[in-house]
Amino acid sequence: MTSHLLPTYARVDLSFDHGEGAWLVTGDGERYLDFGGGVAVNSFGHAHPRLVAALTEQAQKVWHVSNLYRISEGERLAARLCAATFADYVFFCNSGAEAMEGAIKVARKYHAAEGHPERYRIITFEGAFHGRTLATLAAGGQKKYLDGFGPVVEGFDQVPFGDLDAVKRAIGAETAAILIEPVQGEGGVRVVPHAFLKALRELADRNGLLLVFDEVQTGIGRTGDLYAYQHTGVVPDILGSAKALGGGFPIGAVLATAAAAKGMTAGTHGSTFGGNPLAMAVANAVLDIVLADGFLDRVRYHAILFRQRLAELKDRHPTVIADVRGEGLLLGLRIVGPSGAFADALRAEHVLSVAAGDNVVRLLPPLIIQEAEIATAIERIDAAARRIEAANAAAPADAKTGAPA
Ligand SMILES: *Cc1c(COP(=O)(O)O)cnc(C)c1O
């Protein structure tokens, strides 16, 4: 046995000593352009001075007090999140799965408070990912993650991606809510058309359902707005946030309107660590950065620039890159051959990416990315594509694996 870590991950044999902005550096001084961002978490790069200061300053004061007491940084963070969004209330937790678990509980409790505890079912979409707890796995409905873990948590009705008629058919007397990611991240960077979200909003209103957005991956500037819903013209009742909200410090949040949260009275939900002073201090610093004048404008500018350059690469390498998709700096390359081989080729060029479903490789640059770093990334992605082309040219016609040289 080489490691006592439970072998639930297929890890790459690489480890990093430290990070600087968009870069991660190994113990041997090898520099990698980090376009994985710890899976859409390190949106402000590594060792951002403002985040380091917020964490270390708070660490000298108090780390943890529990929710038996008031936490002023948490009150401030909740007020700022509400001022910047549709929400009236925020519940803090520690991860995306916990945020979505909380969102599901808020939606169910709403109907119970309305006198309809029988309305607990939630409509979800194929290809979704909402986390790895038992309820969020049931919501995601992915067989490979559910297998062997006992009875699937009851109350989720999954319909095909983008199928409005299926949503209508799935609505029944027991339906409580519709749950959707505005852009499916793990599912392959699949953007939900805004017209579809609008139609869901109308269906929800007509049937007394709550609309729940999972913005764990799309939130905190990733798509060019603080939350992706803000450029869709559709406002949810409940929203789950996590990942980049702590810039690398674990945190999750459930945002809700006062109406949707009506069932969540004292004692109905809780978390020992949720809203812990360290997490609150860092997340407030994250909001300082992302809400600063012009920050999101620069994200949108760099997103357009990067996407245009990626589209050029797709045209240059049509046997390698099938499609460029996404929103803002949540971008995906759909690969012609095996996407894993392309991610390997990127890593050989010292670019980190994240795999996704639908044969997609996600590119998630930090939101603080500069033009020079985008140019470097494009050169390296180009080189990775050339590696695949060379490997294909060398392989016999019936065995084009796309493996890197
Ligand atoms: C990552 C993710 C989750 C789960 O978050 P964890 O922090 O891993 O529990 C839930 N929903 C979406 C859309 C995600 O991308």
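Order of listing sets the numbers, starting from 1, for every ligand and every atom in it.
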Quick one: does [X] get an N or O within less than 3.5 Å of an N or O on ligand 1?
X: Phe129; result: yes
X: Lys243; result: yes
X: Val216; result: no
X: Ala242; result: no

Could you tell me whether Glu114 and Arg119 have a side-chain N and a carboxylate O separated by less than 4.0 Å? no

Basic-acidic side-chain contact under 4.0 Å: Asp288, Arg80: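 A salt bridge is present here (some side-chain N lies under 4.0 Å from a carboxylate O).
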
Answer yes or no: does atom CZ of Phe16 have more than 12 heavy-atom neighbours from other residues, nucleotides or ligands under 6.0 Å?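 Correct, the count exceeds 12.
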
Side-chain donor-acceptor distances from residues 326-336 under 3.5 Å, at least two apart:
{"unit_1": "Glu327", "atom_1": "OE1", "unit_2": "His231", "atom_2": "NE2", "d": "3.0"}
{"unit_1": "Glu327", "atom_1": "OE2", "unit_2": "His194", "atom_2": "NE2", "d": "3.4"}
{"unit_1": "Arg334", "atom_1": "NE", "unit_2": "Asp358", "atom_2": "O", "d": "3.1"}

Using the ring of Tyr32 (Phe, Tyr or Trp, six-membered ring only), decide whether Arg347 places NZ or CZ under 6.0 Å from its centre and within 45 degrees of its axis.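 No, Arg347 does not lie over the aromatic ring of Tyr32.
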
Relative to the heavy atoms of [X], which atoms of ligand 1 are at a distance of less than 4.0 Å?
X: Ala97; result: 4 (C), 5 (O), 6 (P), 9 (O)
X: Gly96; result: 4 (C), 5 (O), 6 (P), 7 (O), 9 (O)
X: Gln217; result: 15 (O)
X: Glu181; result: 13 (C)
X: Asp214; result: 10 (C), 11 (N), 12 (C), 13 (C)

Can you tell which of Ile71, Leu278, Asn276 makes a side chain to side chain contact (heavy atoms under 4.5 Å, CB included) with His64?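 Passing option: Asn276.
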
Side chain or backbone of Ser95 under 4.0 Å from ligand 1, or both, or neither, by non-hydrogen atoms?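 Both backbone and side chain of Ser95 come within 4.0 Å of ligand 1.
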
Residue-level breakdown please: for His130 versus ligand 1, do any non-hydrogen atoms fall below 4.0 Å on the side chain, on the backbone, on both, or on neither? backbone

What residues, two or more places apart in sequence or in another chain, satisfy side chain to side chain donor-acceptor pair (under 3.5 Å) together with Lys314?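 Lys314: no side chain to side chain donor-acceptor pair (under 3.5 Å) contacts found.
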
How are the rings of His48 and Phe44 set to each other: parallel, tilted or perpendicular (split at 30° and 60°)? perpendicular

Can you find a protein heavy atom closer to atom 15 (O) of ligand 1 than 4.0 Å?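 Yes, because at least one protein heavy atom sits under 4.0 Å from atom 15 (O) of ligand 1.
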
